[in-house]
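Below is one structure; the comments refer to it alone.
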Protein chains: 2
Amino acid sequence: MQNDCRKCPFKTKATSMLSECSLDQLSTNHLELKLKKGDSIIKQGTYSTNVVFLRTGLAKIHIAGPYSEQIVKMVNAPSYLGLPTTFGSKINQYSVTAVSDAEVCFIDLEVFQTILDENKEFNREIIQEFCKNELESFHRCANRTQKLIRGNMADALLDFADKIFKSDTYLLPFSQTEFANLVDTSRESVSRVLAEFDKDGIIKVTGRQIEILNKKSLILVSQNG
Amino acid sequence: MQNDCRKCPFKTKATSMLSECSLDQLSTNHLELKLKKGDSIIKQGTYSTNVVFLRTGLAKIHIAGPYSEQIVKMVNAPSYLGLPTTFGSKINQYSVTAVSDAEVCFIDLEVFQTILDENKEFNREIIQEFCKNELESFHRCANRTQKLIRGNMADALLDFADKIFKSDTYLLPFSQTEFANLVDTSRESVSRVLAEFDKDGIIKVTGRQIEILNKKSLILVSQNG
DNA sequence: TATGCAATGTGATGCATATCACAAAATATA
DNA sequence: TATATTTTGTGATATGCATCACATTGCATA
């Protein structure tokens with residue numbers, strides 16, 4: 001299925017800077033797909049020839065670590081996915097999986113490269129993205145390795161509220177096992193800490209429903225463990 | 001001090017793709033400096049208006065984590081430094097420090113941007129760099145958080161041999177305290193593990209001199225702890 | 001050569017958290 | 001509705017490593 005990209009309401013800041021001409025080129029060179037929760041978008045170890053545009057929905061980037069799968073980060077639409085793995089290596093170095101129902105557009109790498117070449121502003125925005133991601137990466141890694149579990153879990157809960165769902169009440173998009181992969185812990189610890197936070201009145205947990213009751217406390221925990 | 005960049009023998013792959021014109025522009029818009037071991041190149045928290053080209057020498061990228069300083073990665077010349085922090089944020093989000101004597105060129109951000117805009121090949125190479133760095137970041141983070149100390153130390157020792165010094169005998173460029181910051185451990189653990197590896201005949205440690213005696217074993221340790 | 005400070009070696013102790021082993025819910029499937 | 005399967009809760013135990021405390025060595029500076 002192909003759409004007119006000019007009329008697509010889901011543009012990133014970068015995409016909105018494209019020339020009409022490039023948008024047309026995009027329109028005729030992409031494949032649009034509707035995905036369901038759990039569907040694989042990019043699979044580590046397979047060949048990569050496409051850049052993916054996440055039009056709607058929520059996805060997780062995950063990578064096979066030496067011992068277990070690790071969720072590197074959560075990404076919500078609109079956003080480009082797989083740039084590093086597609087540009088940087090012929091074989092995908094990580095996986096991306098839909099965590100909610102989602103719509104994606106597969107864009108041929110060559111086409112994307114051409115568009116990158118021909119649109120300075122777009123190019124600049126994409127580079128900005130890379131820079132921000134790398135900085136985020138550094139910080140995330142430093143936090144993960146230095147903070148204790150409570151701190152990391154608080155971080156994750158705050159991230160969901162502020163960056164992903166933009167609300168202090170939300171439904172965790174996955175199981176505690178996956179949460180553990182995101183925060184580098186064991187499933188059991190996730191369960192325990194969630195219960196602790198609930199008991200302390202910082203959050204209210206109802207199944208996978210999270211309600212942040214005391215954001216200040218949560219931020220404190222994020223900072224001090 | 002200014003040099004003719006056209007004649008500079010220390011070019012990255014990207015830089016070698018620049019037009020004569022851009023190289024001239026670079027020549028008249030950069031400041032070359034000789035640095036000594038320990039000198040700061042980029043300082044976290046200060047304003048950033050320059051991209052830095054590491055012409056010769058070895059540098060460490062480090063970041064203030066929530067509790068302690070963490071060495072994110074080691075970089076050797078020739079290489080651009082500070083792109084993410086300069087493009088992605090007005091304030092430096094990490095520090096870079098010379099670990100050996102080094103020569104660097106400070107390039108004005110605007111000039112660098114212009115050159116990026118006007119040289120497709122250069123631009124592509126820089127983007128490739130970003131991609132590779134991000135992938136590396138992912139892997140490094142997964143390794144660091146999942147592997148035990150022996151594994152991480154083995155990794156670091158191998159990295160020095162293969163990527164930094166290109167020799168199985170080398171002088172560690174810093175103290176055990178700094179080594180600990182690179183591998184996310186305590187100074188004491190670095191000392192102990194180094195002694196263990198030595199005792200097991202995997203490496204020979206003489207002060208800061210490292211000699212890898214049994215690379216296969218070291219790789220095994222890196223994989224299995 | 002003497003003196004001081006930084007870097008290293010090494011044991012003892014404590015703690016955070018993984019792991020194991022289940023039980024109990026919740027959810028999916030027949 | 002019954003049955004299987006996944007997800008979650010929770011105690012007991014084990015362990016890798018940080019931390020502390022100090023001895024020792026190496027290196028710099030007077």
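A note on names: the letters A, B, ... follow the listed sequences, proteins ahead of strands, and every chain is numbered from 1.
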So, does B:Gln176 get its side chain near the phosphate of C:dG9, meaning an N or O under 4.0 Å from OP1 or OP2?
yes
Residues A:Gln70 and B:Thr145: side-chain donor-acceptor under 3.5 angstrom:
yes
If you round to the nearest 0.5 Å, how far is CG of A:Leu26 from SG of A:Cys105?
8.0 Å
4.5 Å side-chain heavy-atom contact, B:Gln93 and B:Pro84:
no
A:Phe179 CZ to C:dT17 C1', straight-line distance once rounded to whole Å:
17 Å
Would you mind reading off the distance between A:Asn181 atom CG and D:dT7 atom P, rounded to a whole angstrom?
12 Å
Is A:Phe53 close to A:Val104 at the side-chain level, that is, under 4.5 Å between some pair of heavy atoms?
no
D:dG9 C1' sits how many Å from A:Glu196 CD, rounded?
13 Å
Rounded to whole Å, CZ of B:Arg208 lies from C1' of C:dG9 at a distance of 15 Å
Compute whether any side-chain donor of one residue and acceptor of the other, for B:Lys60 and B:Asn181, lie under 3.5 angstrom apart.
no
How long is the line joining CD of B:Gln146 and P of C:dA18, in whole Å?
12 Å
In whole angstroms, the gap separating C1' of C:dA16 from CG of A:Asn152 amounts to 13 Å
Expressed as a whole number of angstroms, how long is the span from A:Leu194:CG to D:dG9:C1'?
11 Å
Check each of A:Ile107, A:Val52, A:Asn50 against A:His30 using the side chain to side chain contact (heavy atoms under 4.5 Å, CB included) test, and report the only one that passes.
A:Ile107
Strictly under 4.0 angstrom, non-hydrogen atoms only: write out the protein contact profile of nucleotides 15-29 of chain D, one letter per nucleotide from the 5' end, B, S or -.
-SSSBBB--------
Nearest-angstrom distance from the residue atom NZ of A:Lys199 to C1' of D:dT10
14 Å
